[in-house]
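Protein chains get the first letters and strands the later ones, always in sequence-line order, with residue 1 at the start of each.
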There are 2 protein chains.
Amino acid sequence: MSDAKVTSLDVARMAGVSQSAVSRVFSGASASKTTIAKVRAAADRLGYRPNRLARAMITGKSRIIGLVVAYLDNQFYPLAIERLSQALQERGYHILLIMAGNSPEGIESVMADLMTYQVDGIITASVAMSSDLTERCAAMGIPVVMFNRGQDGSGLSSITSANVEGGRKVAEFLLAGGHGRIAHVAGWQGSSTGRDRTQGFCAALAEAGAPPPETIDGMYDRDTAAAAARKLMERPEPPDAIFVGNDHMAFAVMDTLRHEIGLRIPADVSIVGYDDVPMAAWAAYDLTTLRQPVNRMVEATVDTLLAEIEDPARGHERVEITGPLIIRGSARVPEGWT
Amino acid sequence: MSDAKVTSLDVARMAGVSQSAVSRVFSGASASKTTIAKVRAAADRLGYRPNRLARAMITGKSRIIGLVVAYLDNQFYPLAIERLSQALQERGYHILLIMAGNSPEGIESVMADLMTYQVDGIITASVAMSSDLTERCAAMGIPVVMFNRGQDGSGLSSITSANVEGGRKVAEFLLAGGHGRIAHVAGWQGSSTGRDRTQGFCAALAEAGAPPPETIDGMYDRDTAAAAARKLMERPEPPDAIFVGNDHMAFAVMDTLRHEIGLRIPADVSIVGYDDVPMAAWAAYDLTTLRQPVNRMVEATVDTLLAEIEDPARGHERVEITGPLIIRGSARVPEGWT
DNA sequence: AGGTTTGTTGCATACGTTTTCAATTACGCT
DNA sequence: AGCGTAATTGAAAACGTATGCAACAAACCT
């Protein structure tokens with residue numbers, strides 16, 4: 001029934017009221033019972049829905065959030081996106097999705113693109129932002145929240161798990177398990193998350209008097225992580241435990257140890273990951289890992305972003321969310337460990 | 001430097017030209033060398049970028065594509081989204097992402113939401129559309145392309161792999177491998193892809209004189225598939241080969257057989273999947289599977305959608321893309337098979 | 001009853017752009 | 001020089017909505 005384009009004016013004519021009346025009904029402003037009824041009836045009959053772009057022009061609020069994400073091969077991100085999208089939809093916002101490689105100039109151009117859509121805010125998922133860009137966003141008055149990545153210099157808000165503390169927990173667990181030669185395939189050291197986890201891990205080892213772990217940067221990449229695992233095992237005294245900077249790389253390490261080198265996990269080597277993506281619970285890996293609480297991180301991200309949108313004068317926030325160590329079968333479990 | 005909102009009028013004033021001139025420079029219409037230079041200079045200095053929403057209002061083209069997707073836990077979809085987003089970005093379009101559970105009324109409201117953003121087109125990834133909704137989209141003159149799902153009744157365009165043919169190939173491969181008791185954990189029979197694969201598979205078996213396979217619907221769900229595997233193996237004459245309707249479920253089946261029932265793959269049971277997601281190549285699974293060529297499917301999707309956008313009178317298209325069987329180690333390989 | 005508050009309504013304007021149209025300028029040619 | 005054609009330009013209208021303002025009606029109070 002409904003023809004191509006039906007505007008508020010069409011509805012107004014059919015309902016016998018002014019265009020403003022129609023607008024008021026749909027924007028929740030006050031109107032009398034009778035007009036509301038007339039407008040609603042006409043609108044239903046014509047299949048009218050307000051044009052959000054036109055609305056955005058007037059109000060200056062597009063109710064669009066730009067989501068910038070680097071890659072989707074790490075299962076953690078699809079999951080986060082799914083939750084983010086749902087949480088934002090419930091609040092009346094929608095996501096404009098942008099894929100950006102991790103090159104700085106790529107990010108740059110992509111963010112500029114986003115601005116032209118007049119997004120109300122931006123969420124970056126594991127993307128590093130230059131301080132130049134940071135400033136430009138601030139100048140444009142457009143809130144940015146970094147999900148699962150911090151940026152030391154910038155004044156931007158960020159939501160992460162408690163990575164330093166997480167690294168410590170893993171170290172304590174491995175030490176309690178009686179491991180003597182502990183190694184580390186690190187998360188990308190160019191990222192705050194990677195650095196923090198490594199730092200907490202090494203600090204706890206040092207405090208316990210353990211030797212510093214043999215460490216290789218796995219770059220959050222499967223192949224790099226697999227190569228790192230090979231290299232570690234070629235040593236004259238190979239490790240009996242490896243902390244891997246995220247689950248995605250941990251799977252690669254486990255595959256390499258088991259099917260390429262022929263080792264048993266955890267009998268020969270204990271493996272601990274970070275994230276607790278769904279796959280970590282699959283029987284094939286059964287990975288002991290430090291959980292990043294996606295749901296709470298998403299909630300915090302949405303809350304922070306919308307708060308900054310509604311009150312631009314609001315300061316930036318830096319939220320860290322603590323997660324538990326999920327104990328499964330990929331690492332030797334210390335006596336009497338809960 | 002750039003202040004909050006800089007419009008074409010600001011640029012015009014600084015460049016000493018009319019606002020129309022600025023518009024012409026940025027919309028690629030003709031202008032003299034000198035004006036172009038003046039405008040460019042002023043725009044750069046002010047950090048001006050045209051407001052795409054305002055542009056969309058008058059042109060009627062938002063350059064936004066709505067992407068509706070049900071779930072993201074099957075790795076096939078993140079991958080497809082990544083590619084889709086990139087392909088569309090290259091063509092000047094961007095993606096408005098919507099998560100929709102698979103409930104019909106959810107889809108309904110979500111699509112209506114999309115319309116209010118004046119999207120130029122919609123891609124649905126593995127979502128079923130009611131014929132009512134189909135009609136409304138057609139009435140609105142808004143092109144829809146279904147990715148990895150067909151809809152028999154509707155006149156909408158769809159891009160799928162050659163599912164019937166794919167099912168046949170798997171059957172032929174398993175028969176050639178000398179398997180006598182072939183079972184099937186089917187893709188969701190409420191979806192065209194699931195039905196087609198099953199149909200091709202069963203048809204080929206029947207033509208070869210093999211008994212019809214024991215079949216259970218796995219609903220594209222891990223838990224359901226795992227339960228199906230258990231049930232199949234409890235039979236007095238358990239299967240020596242299982243064709244699973246997609247890789248995502250195949251992983252669950254393999255986990256169950258190996259770690260719960262203690263069977264070896266492929267020595268005790270051969271497993272074949274469908275999709276060839278990246279994980280299928282991982283050593284832990286090393287899954288023989290029928291590849292869905294994501295890249296070509298994405299290309300076809302984008303081409304079809306943009307073609308329909310540019311020429312609304314264009315008819316709908318139903319593209320099927322053939323994929324090869326990727327032979328790995330999860331199924332017995334017939335003698336001399338390439 | 002009269003004055004005051006409260007609520008409802010329509011008119012007109014604004015948002016930032018593209019695009020038509022007419023006017024002006026530049027240019028080629030005899 | 002002069003004329004015709006092409007290229008360039010600015011003014012103004014449009015896109016679909018929200019909203020300030022003034023007008024008006026209704027209700028309330030003393």
Side-chain angles (χ1 to χ4, degrees), chain A residues 2-40 42-43 46-64 92 113 115-120 140-141, chain B residues 2-40 42-43 46-64 92 115-120 140-142:
Chain A
S2 61
D3 250 342
K5 296 291 172 193
V6 30
T7 78
S8 59
L9 201 65
D10 299 327
V11 177
R13 272 197 276 265
M14 167 167 285
V17 297
S18 75
Q19 180 268 328
S20 347
V22 178
S23 168
R24 276 189 272 261
V25 170
F26 279 90
S27 58
S30 74
S32 69
K33 287 281 178 198
T34 58
T35 29
I36 290 185
K38 281 192 292 185
V39 168
R40 281 254 132 79
L46 268 55
Y48 168 78
R49 309 245 0 214
N51 179 331
R52 299 188 80 145
L53 301 192
R55 176 177 286 184
M57 289 230 46
I58 299 296
T59 61
K61 312 260 96 198
S62 62
R63 307 238 130 197
I64 299 179
D113 247 25
M115 310 265 181
T116 67
Y117 278 107
Q118 313 300 110
V119 295
D120 291 343
M140 295 280 289
Chain B
S2 61
D3 250 343
K5 295 289 173 195
V6 32
T7 77
S8 59
L9 202 64
D10 300 325
V11 176
R13 272 196 276 266
M14 166 166 287
V17 298
S18 75
Q19 182 269 332
S20 344
V22 177
S23 168
R24 274 189 275 259
V25 169
F26 279 90
S27 59
S30 76
S32 70
K33 286 281 178 197
T34 59
T35 22
I36 291 185
K38 282 192 291 187
V39 168
R40 282 256 132 76
L46 268 56
Y48 168 78
R49 309 240 8 207
N51 180 331
R52 300 189 78 147
L53 301 191
R55 176 179 285 184
M57 287 232 45
I58 73 107
T59 60
K61 312 260 96 192
S62 62
R63 306 236 131 199
I64 297 178
M115 309 264 183
T116 68
Y117 279 108
Q118 313 301 113
V119 294
D120 291 342
M140 294 280 289
I142 181 167

| query | Is B:Thr59 touching bases, backbone alone, or none of the nucleic acid, heavy atoms closer than 4.0 Å? | reply | sugar-phosphate
| Side-chain donor or acceptor of A:Ser62 paired with backbone N/O of A:Gln118 under 3.5 Å | yes
| query | Could you state the CD-P distance from B:Gln118 to C:dT18, rounded to the nearest angstrom? | reply | 17 Å
| query | To the nearest Å, how far apart are A:Arg24 CZ and C:dG10 P? | reply | 8 Å
| said: When you measure from the side-chain N and O atoms of A:Ser8 to the phosphate of D:dT17, is any distance below 4.0 Å, counting only OP1 and OP2? | reply: yes
| said: Let's see if you can work this out: which of D:dG10, D:dT17, C:dG16 has an atom nearest to the side-chain heavy atoms of B:Val17? | reply: D:dG10
| task | Return no unless some side-chain N or O of A:Tyr117 is found under 4.0 Å from OP1 or OP2 of C:dG16. | result | no
| Residue-phosphate contact under 4.0 Å: B:Ser18 side-chain N/O, D:dA11 OP1/OP2 | no
| query | When we call it a touch if two heavy atoms are under 4.0 Å apart, what does B:Val22 touch: a base, just sugar-phosphate, or nothing? | reply | nothing
| request: Return the value, rounded to whole Å, for the distance between atom CE of B:Met57 and atom P of C:dT19. | output: 14 Å
| remark: Against the side chain of A:Pro50, the closest entry in C:dG10, D:dT17, C:dT18 is D:dT17
| Between atom CD in B:Gln19 and atom C1' in C:dT18, what is the gap in whole Å? | 8 Å
| query | Hey, does A:Ser32 reach any base, or is it just sugar-phosphate, or nothing, if we go heavy atoms under 4.0 Å? | reply | sugar-phosphate
| Under 4.0 Å between a side-chain N/O of B:Thr7 and OP1 or OP2 of C:dG16, yes or no? | no
| said: What is the distance, to the nearest angstrom, from the CG atom on A:Leu9 to the P atom on C:dG10? | reply: 12 Å
| request: May I ask you to check if B:Arg40 and B:Tyr48 form a cation-pi contact, with NZ or CZ under 6.0 angstrom from the six-membered ring centre and within 45° of the axis? | output: no
| field | B:Ala31 vs B:Ala54, nearer the 5' end of DNA chain D by closest nucleotide | value | B:Ala31
| Among C:dT9, C:dT18, C:dA12, the nucleotide that comes nearest once only the side chain of A:Ser20 is considered | C:dA12
| message | Using the side-chain heavy atoms of A:Thr35, tell me which of these nucleotides is nearest: C:dT9, D:dG16, C:dG10. | response | C:dT9
| What is the distance from NZ of A:Lys38 to P of C:dT8, rounded to the nearest Å? | 14 Å
